[in-house]
Amino acid sequence: MRARMTALCLALLAACGGSEAARPASGAGFHAAAPETRVDDIDRDTARIRAATAAFRSLDAAVAAGYARSVRSCIAHPPHGAMGFHHGNAGLMDDRIELERPEILVYSRASTGEYVLNGVEYIVPYTSLSRDATPPRVMGQALKRSDQLQLWYLHVWIYRENPNGLFADWNPRVEC
């Protein structure tokens, strides 16, 4: 059942690139650090994520670690930018957020067709944590609720800088 729900979450995520649930409120996508989160803490955590995911710059290495090789589509929302290709790891879809084990790796494709790792996304399905629960947190940030996708989520743009902010949904520097 968990594998079926995870597949559903990933399929919905890939399918809703233009959905209201995934759009930034009022066209804004910037999410500043929570007041209690220090910049030093975010820098430290970003370095930890980069160290843990550096090998996944190679899609083959990500696949060997349990992330999906193929996804249906690149998620974009002109004029806000794109998210990219979401390669999920079904084995990580549960009620825990582990900084160094993101549920999704977010890639784009270079003009050569090669995958480029842009960031990560943390996911907690509603089947693991109710939509009415206190939002899970990572890096001092509360995960965002997506009722359409039936999950909590947060992007972290650790490899491709995002002028909208480290935790914004859409990155104008990513293209599909």
Side-chain angles (χ1 to χ4, degrees), residues 1-19 21-23 29 45-46 48-77 81-110 113-131 133 135-139 141-160 162 166-171 174-176:
M1 176 68 177
R2 186 172 137 206
R4 202 172 332 157
M5 186 57 169
T6 300
L8 176 62
C9 286
L10 292 173
L12 284 170
L13 187 60
C16 81
S19 76
R23 288 184 188 166
D45 288 348
T46 300
R48 286 176 55 197
I49 298 168
R50 279 190 186 119
T53 60
F56 303 147
R57 288 180 174 228
S58 159
L59 183 58
D60 289 338
V63 170
Y67 291 89
R69 175 170 298 282
S70 299
V71 296
R72 286 206 258 183
S73 61
C74 181
I75 300 173
H77 185 275
M83 292 179 184
F85 295 92
H86 289 62
H87 294 259
N89 184 330
L92 299 176
M93 301 283 179
D94 54 27
D95 64 344
R96 293 182 317 231
I97 296 292
E98 298 175 74
L99 187 68
E100 293 155 331
R101 296 181 60 173
E103 288 78 11
I104 294 178
L105 302 173
V106 184
Y107 292 88
S108 60
R109 284 196 183 145
E114 188 175 353
Y115 275 88
V116 177
L117 183 58
N118 295 318
V120 301
E121 186 173 1
Y122 295 96
I123 297 283
V124 175
Y126 284 177
T127 55
S128 297
L129 184 65
S130 164
R131 73 172 295 284
R137 297 182 74 81
V138 66
M139 297 178 73
Q141 306 297 305
L143 271 65
K144 301 173 207 173
R145 190 174 74 198
S146 174
D147 291 338
Q148 181 178 5
L149 300 176
Q150 299 289 296
L151 53 80
W152 300 92
Y153 74 97
L154 184 71
H155 292 92
V156 185
W157 298 96
I158 58 170
Y159 290 105
R160 169 117 1 135
N162 187 341
L166 183 64
F167 304 107
D169 288 347
W170 305 103
N171 189 333
V174 173
E175 295 179 2
C176 286

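Throughout, residue positions are numbered sequentially from 1 according to the sequence presented.
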What pair of heavy atoms forms the shortest contact from Leu105 to Ala62, and how long is it?
CD1-CB, 3.6 Å
Using the side-chain contact (heavy atoms from CB on, under 4.5 Å) rule, take His155 and Met83 through it: C-alpha gap first, then chi angles, then the decisive distance, then the call.
CA-CA 9 Å; His155 292 92; Met83 292 179 184; 3.5 Å; yes
Provide the closest heavy-atom pair for Val124 versus Pro136 in the form atom of the first, atom of the second, distance.
CG2-CG, 4.0 Å
Heavy-atom distance under 4.5 Å between the side chains of Arg131 and Asp147, does that happen here?
yes
Side chains of Trp152 and Ser146: closer than 4.5 Å at any heavy-atom pair?
no
Does the side chain of Arg160 come within less than 4.5 Å of Asn171's, by heavy atoms?
yes
Check whether any side-chain heavy atom of Thr53 sits under 4.5 Å from a side-chain heavy atom of Pro102, and report yes or no.
yes
I'd like to know if the side chain of Asn118 pairs up with that of Ser108 as donor and acceptor (distance under 3.5 Å, no hydrogens or angles considered).
yes
Does the pair Arg50 and Tyr159 meet the rule for a side-chain hydrogen bond (donor to acceptor under 3.5 Å, both in side chains), with working shown?
CA-CA 8 Å; Arg50 279 190 186 119; Tyr159 290 105; 5.8 Å; no
Below 4.5 Å, heavy atoms only, C-beta onward: do Arg145 and Tyr126 meet side chain to side chain?
yes
More than 12 non-hydrogen atoms from neighbouring residues, nucleotides or ligands closer than 6.0 Å to CD on Glu175, yes or no?
no
Interatomic distance, Ser128 atom OG to Gln150 atom CD [nearest 0.5 angstrom]
12.0 Å
Hey, could you give me the CD1/CG distance between Ile123 and Leu151, rounded to the nearest 0.5 Å?
4.5 Å
Report the distance from atom CG of Leu143 to atom CZ of Phe167, rounding to the nearest 0.5 Å.
10.5 Å
Can you check whether Phe56 reaches Tyr107 side chain to side chain, under 4.5 Å on heavy atoms?
yes
Evaluate the side-chain contact (heavy atoms from CB on, under 4.5 Å) criterion for residues Leu166 and Met139: first the C-alpha distance (whole Å), next the side-chain angles of each, then the deciding distance (0.1 Å), finally the verdict.
CA-CA 11 Å; Leu166 183 64; Met139 297 178 73; 4.2 Å; yes
Any donor-acceptor N/O pair, Asn89 side chain to Ile104 backbone, under 3.5 Å
no
Give a yes or no on whether the ring-centroid distance for Tyr153 and Tyr122 is below 6.0 angstrom.
no
Donor-acceptor pair, distance only, cut-off 3.5 Å: does the side chain of His86 make one with the backbone of Gly84?
yes
Validation row: His87, Val106 side chains within 4.5 angstrom (heavy atoms)
no
Step through the shown structure and confirm whether more than 12 heavy atoms of other residues, nucleotides or ligands are within 6.0 Å of CZ on Arg101.
no
Please test Asp169 against His77 for side-chain contact (heavy atoms from CB on, under 4.5 Å), starting from the C-alpha separation and ending with a verdict.
CA-CA 10 Å; Asp169 288 347; His77 185 275; over 6 Å; no
Rounded to the nearest 0.5 Å, how far apart are OG1 of Thr127 and CG of Asp95?
9.5 Å
Shortest non-hydrogen contact from Lys144 to Ala168?
NZ-C, 4.3 Å
Donor-acceptor contact below 3.5 Å, side chain Glu121 vs main chain Leu154
no
pair Val138-Glu98: side-chain heavy atoms closer than 4.5 Å:
no
